[in-house]
Amino acid sequence: MRRAIGLMSGTSLDGVDVALIETDGETIRVERSHNGYLEPLGPTGYRAYSDDDRALLRQALVDAEAVTERSERPGCLPEAEELVTRLHAEAVENFLAENGLSAADIDVVGFHGQTVVHRPDQKMSVQIGDGGALSRRLGIKVVSDLRNADIEAGGQGAPLVPVFHRALAQASGFTDSLGILNIGGVANATLIARDGRILAFDTGPGNALIDDWMRERTGHALDDNGRTAARGRPDEPLLAWLLIHPFFSRRPPKSLDRNWFSHKLAGQLSTEDGAATLTAFTARAVARALDHASDPPTRWIVSGGGARNGELLRQLNYHLRAEITTADAIGWSSAFLEAQAFAYLAVRSLTGLPITFPSTTGVREAITGGVLARPEE
């Protein structure tokens, strides 16, 4: 077993999630509570972005539209990359201090970076953040750039978390068909059949459109518990139009760029109706995932920021017509599951185990990925 830290900064641009797990890259060290559910896998931490940090990262997303080669850093991207690296370093340093740990206690850090471009059809996915600089500052091995090998081999480069989902499901003793839904800025689903086969893909928008809508209309970063959406009524003609987008009928594996859809599509609606429409869009896009399920899940486990949106959960319960629970309710971590996954993926990368598969990203064959940086390099 190796002790690994995973780092995640998602499309919601809220901050850096930090999580520590122990794993050999296949199994995860777990303990069970008296009710049979998992105890937390390890300590977690969080480093919030400031308003200025978020403003720079949002501008980086705009400037990144001009990128035509992975190595290009137009506009504010160099400054944003330095910021991402520094803030992730600070997040790890604070985490170690808070938990009485030193660099020598950690075998590897899994560093996702900040996605600014994801165009798998152009064989390009860019996550800014300097893995080498992070390794030198921390004095710990760092595995970064986890998507590119898959992209180069013909995959979508996303989602990466499904192999960790399956390990968690096995550790929890689940044997029936299971759906694991992560709702970050973009939503992605892992469908695990009774025989262990996994199918994974992005389902559509997650929180990104709702968050963008609330920020523009109210100045708030999100729709707290879905209260604004609950007061509105969805625009059904607009929803019907949105859901005929070719993405939803495309067979998986498939992935979605955060900017494929815009909250401005609901611009003619009131604040409440717009929030209701965009929330319904996320939920119904997830329901469309069942079109591709050979063994429809009897249970769904929801993680990510969307797990804290009561109105979104209510709509998912209606449309999915299966048992729905949050990751936290069964001993998993809604907030830190992706950070834990990148710790797991870093160890798999170190040991040469595959991290992506034909049924998760569409890559031709199961392959490993990631770029290893050592402190002395």
Side-chain angles (χ1 to χ4, degrees), residues 35-38 159 161-207 210 223 225-226 229-230 234 236 239-240 242-243 247-256 276-335 337-338 341 357 359-360:
N35 61 9
Y37 290 140
L38 299 188
V161 179
V163 66
F164 178 66
H165 284 159
R166 183 169 64 184
L168 268 182
Q170 291 171 344
S172 298
F174 292 128
T175 58
D176 211 345
S177 55
L178 181 68
I180 302 169
L181 177 64
N182 178 68
I183 310 177
V186 171
N188 57 73
T190 300
L191 308 181
I192 305 175
R194 289 172 178 85
D195 62 6
R197 288 177 297 120
I198 55 175
L199 177 66
F201 52 98
D202 288 348
T203 62
N207 302 315
I210 304 167
D223 184 8
N225 203 30
E236 294 295 340
L239 281 170
L242 288 170
L243 288 165
F247 175 81
F248 301 111
S249 57
R250 188 191 312 165
R251 292 178 60 83
K254 55 186 178 179
S255 61
L256 184 75
T277 301
L278 296 174
T279 301
F281 183 29
T282 292
R284 296 186 200 184
V286 172
R288 290 289 301 272
L290 297 179
D291 296 345
H292 308 291
S294 59
D295 189 4
T298 59
R299 172 189 287 201
W300 285 84
I301 299 167
V302 182
S303 67
R308 298 190 296 272
N309 184 323
E311 175 61 15
L312 180 54
L313 291 177
R314 185 191 69 77
Q315 294 197 29
L316 287 170
N317 186 66
Y318 176 80
H319 289 289
L320 295 176
R321 302 193 181 281
E323 180 184 353
I324 292 182
T325 186
T326 65
D328 292 325
I330 60 168
W332 299 10
S333 174
S334 292
L337 189 146
E338 284 197 298
F357 306 83
S359 63
T360 62

Item to check | Stacked cation flag Arg321 on Tyr318, 6.0 angstrom / 45 deg | outcome: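 Positive - Arg321 is close enough to the ring of Tyr318 and near enough to its axis.
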
Test item: [X] and [Y] side chains (from C-beta on) under 4.5 Å apart, heavy atoms:
| X | Y | value |
| --- | --- | --- |
| Arg166 | Ile180 | no |
| Trp332 | Ser172 | yes |
| Pro205 | Phe281 | yes |
| Leu191 | Pro297 | yes |
| Val286 | Leu320 | yes |
| Val161 | Thr190 | no |
| Thr326 | Leu313 | yes |

Could you tell me which non-hydrogen atom of [X] sits nearest to which non-hydrogen atom of [Y], and how far apart they are?
| X | Y | answer |
| --- | --- | --- |
| His319 | Ala287 | CB-CB, 3.9 Å |
| Ala276 | Gln315 | O-NE2, 4.4 Å |
| His292 | Leu199 | O-CD2, 3.3 Å |
| Val302 | Ile324 | CG2-CG2, 3.9 Å |
| Arg308 | Ala335 | NH1-CB, 4.3 Å |
| Arg284 | Leu243 | CB-CD1, 3.9 Å |

Let me confirm one number: the [atom1]-[atom2] distance from [X] to [Y], rounded to the nearest 0.5 Å.
| X | Y | atom1 | atom2 | value |
| --- | --- | --- | --- | --- |
| Asn317 | Leu312 | CG | CG | 11.5 Å |
| Leu316 | Thr282 | CG | OG1 | 8.5 Å |
| Thr277 | Leu242 | OG1 | CG | 9.0 Å |
| Phe248 | Asp291 | CZ | CG | 11.5 Å |
| Ile330 | Thr325 | CD1 | OG1 | 6.0 Å |
| Glu311 | Ile210 | CD | CD1 | 9.5 Å |

Say whether, by atom type as modelled, one donor and one acceptor occur between the side chain of [X] and the main chain of [Y] under 3.5 angstrom.
| X | Y | answer |
| --- | --- | --- |
| Asp223 | Ala229 | yes |
| Asn207 | Gly184 | yes |
| Ser177 | Arg194 | no |
| Asp202 | Leu256 | yes |
| Ser359 | Ile198 | yes |

Item to check | More than 12 heavy atoms from other groups under 6.0 Å of CZ on Arg250 | outcome: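 Counting other residues, nucleotides and ligands, CZ of Arg250 exceeds 12 neighbours.
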
Next on the checklist: Tell me which one of Leu178, Asn182, Leu168 satisfies side-chain contact (heavy atoms from CB on, under 4.5 Å) with Ile301.
Outcome noted: Leu178

